[in-house]
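These values consider heavy atoms only, across backbone and side chains, with no hydrogens, waters or symmetry-generated copies. In this text, all values refer to a predicted model and were calculated from it rather than measured experimentally. Below, chain A is the first sequence line, B the second, and so on; all start at residue 1.
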Protein chains: 2
Amino acid sequence: MNTPCYCAAIRSAARKTTALYDAALAPAGVNLAQYSLLRKIERLGPVSLTELASVAELDRSTVGRNVKVLERRRLVRFKSADDQREAAVGLTAAGAEALRRGEPLWNNAQRRIETTLGAEGAKRLRTLALAF
Amino acid sequence: MNTPCYCAAIRSAARKTTALYDAALAPAGVNLAQYSLLRKIERLGPVSLTELASVAELDRSTVGRNVKVLERRRLVRFKSADDQREAAVGLTAAGAEALRRGEPLWNNAQRRIETTLGAEGAKRLRTLALAF
DNA sequence: GCGACATGCGGGTATATACCCGACCCATGA
DNA sequence: TCATGGGTCGGGTATATACCCGCATGTCGC
């Protein structure tokens, strides 16, 4: 990876990191993107797709499609809100269970990154990520 | 973005950076992934998909599909190699032209990243990316 | 020369991601 | 009341990405 392109470098790092977390989370039956989304849904409680997209800094239609995958797997459920335009999404029991099973796996992945980068590197990564 | 997840942080940074470079490169008619791939094809000369995938650290089928998009736009062309299994890919005149037009745009994007991160931050980003 | 193995590729399937547009619902002002 | 505008969503389309499988071709040992 000696590309001088910052963007290509970040994308490469993102692909490799994602592969690492996906593999780590596989026993929980979710990948990193799904785990991440499930955690946000857990944290926010029943939440609209628009708000979820805003928090995740993703396009709303992307969130809609990603949530649909989770719904198909019965990890989340749509509830009707007062405002009928909204589609409040909440965790199912299976979704909460996936989070519970995923947590130690995610922790392992986090520790592996810290081992790879060292404490100082991990801190710098966090700082750099905040700059975007 | 105060996610404690290294992976989510990197992915978010990758999405935002990609959007920045995509917008910068739009006048050249390519996005960052395509520009990056075109540069590799230029550098390696007529090259097999397998080698391209190895250099780009992407799955071979991903490279095959991405190259197909470039071929449809007449930016690259398949040539027959000695080994009939191979599909040597080379730039067309239009592909070289896209690279030429993209270069200053890409430079602008690079400089914008350096402005955002500062010289020290940019150097750290480069160092971190190498760790993956 | 021929069979076993290796190499290179395409296609199928699935997900993640983005942009645009049209449909729908609700609040507010005329 | 009713039209208008803004918020919310789904769908269409395109790309990037990965894994697996099967086919074709090439190579090597015997």
> Expressed as a whole number of angstroms, how long is the span from B:Leu37:CG to D:dT17:C1'?
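So the two atoms are 13 Å apart, to the nearest Å.
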> May I ask you to say what B:Asn31 touches in the nucleic acid, namely base, sugar-phosphate or nothing, with a heavy-atom cut-off under 4.0 Å?
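The answer is sugar-phosphate, as B:Asn31 gets under 4.0 Å only of primed atoms, P, OP1 or OP2.
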> Please report, rounded to the nearest Å, how far the C1' atom of C:dA16 is from the OH atom of A:Tyr21.
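The distance from OH of A:Tyr21 to C1' of C:dA16 comes to 18 Å, rounded to the nearest Å.
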> Kindly indicate, with the supporting measurements, whether the criterion salt bridge (charged side-chain N to carboxylate O under 4.0 Å, His left out) is fulfilled by A:Arg15 and B:Glu57.
CA-CA 9 Å; A:Arg15 284 195 303 269; B:Glu57 302 183 280; 5.9 Å; no
> Starting the side chain at C-beta, find the nucleotide from C:dA16, C:dT17, D:dT17 nearest to A:Leu58.
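Per side-chain heavy atoms of A:Leu58, the pick is C:dT17.
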> With sequence neighbours left out, which residue pairs that include part of residues 111-123 of chain B fulfil the salt bridge (Lys or Arg N to Asp or Glu O under 4.0 Å) condition?
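Listed once each, the pairs are B:Glu120-B:Arg124.
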> Mind calculating the distance between CG (B:Leu32) and C1' (C:dA18) to the nearest angstrom?
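These atoms are roughly 15 Å apart.
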> Atom CG of A:Leu75 to atom P of C:dT15: distance rounded to whole Å?
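So the two atoms are 12 Å apart, to the nearest Å.
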> If I take atom OG1 from residue A:Thr115 and atom CD from residue A:Gln110, how far apart are they, to the nearest 0.5 angstrom?
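Spacing of OG1 (A:Thr115) from CD (A:Gln110) equals 11.0 Å.
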> Check each of A:Val55, A:Val89, A:Leu52, A:Val30 against A:Leu37 using the side-chain contact (heavy atoms from CB on, under 4.5 Å) test, and report the only one that passes.
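The option that passes is A:Leu52.
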> For A:Phe78 and D:dG10, give me the distance from atom CZ to atom C1', rounded to whole Å.
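Distance, rounded to whole Å: 10 Å.
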> With a 4.0 Å cutoff (strictly under), does any side-chain N or O of A:Thr62 reach OP1 or OP2 of C:dA16?
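For A:Thr62, the contact criterion (side-chain N or O under 4.0 Å from OP1 or OP2 of C:dA16) is not met.
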> In whole angstrom, what separates A:Asp22's CG from D:dT17's C1'?
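Answer to the nearest Å: 11 Å.
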> Salt bridge or not between B:Arg100 and B:Glu97? Use side-chain N to carboxylate O under 4.0 Å.
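Yes, B:Arg100 and B:Glu97 are salt-bridged.
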> Measure the distance from CZ on A:Arg11 to P on C:dA18 and round it to the nearest whole Å.
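Spelled out: CZ on A:Arg11 to P on C:dA18 is 11 Å.
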> Near DNA chain C, under 4.0 Å by heavy atom, which residues of residues 64-71 of chain A?
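Under 4.0 Å from DNA chain C: A:Arg65, A:Asn66, A:Val69.
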> Looking only at side-chain N and O atoms, does B:Arg15 come under 4.0 Å of OP1 or OP2 in D:dT15?
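It does not, given that no N or O in the side chain of B:Arg15 lies less than 4.0 Å from OP1 or OP2 of D:dT15.
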> Just how far, in rounded Å, is P of D:dA14 from CD of B:Gln34?
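One finds 13 Å between P of D:dA14 and CD of B:Gln34, rounded.
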> Same hydrophobic cluster for A:Phe78 and A:Leu91, using side-chain heavy-atom links shorter than 4.5 Å among ILVMFWY?
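The answer is yes; both residues are in one hydrophobic cluster.
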> Do B:Leu105 and A:Ile10 belong together in a cluster built from hydrophobic side chains that touch within less than 4.5 Å?
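Shared cluster, yes.
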> Examine A:Leu117 and B:Tyr6 and state if one hydrophobic cluster contains both, with Ile, Leu, Val, Met, Phe, Trp and Tyr joined whenever side-chain heavy atoms are less than 4.5 Å apart.
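The answer is yes; both residues are in one hydrophobic cluster.
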> Within 45° of the ring axis of A:Trp106 and under 6.0 Å from its six-membered ring centre, is that where the NZ or CZ of A:Arg101 lies?
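No, A:Arg101 does not lie over the aromatic ring of A:Trp106.
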> Spell out protein contact along nucleotides 20-28 of chain D as letters: B when the base is contacted, S when just the sugar-phosphate is, - when no protein heavy atom is under 4.0 Å; keep the 5' to 3' order.
-----BS--
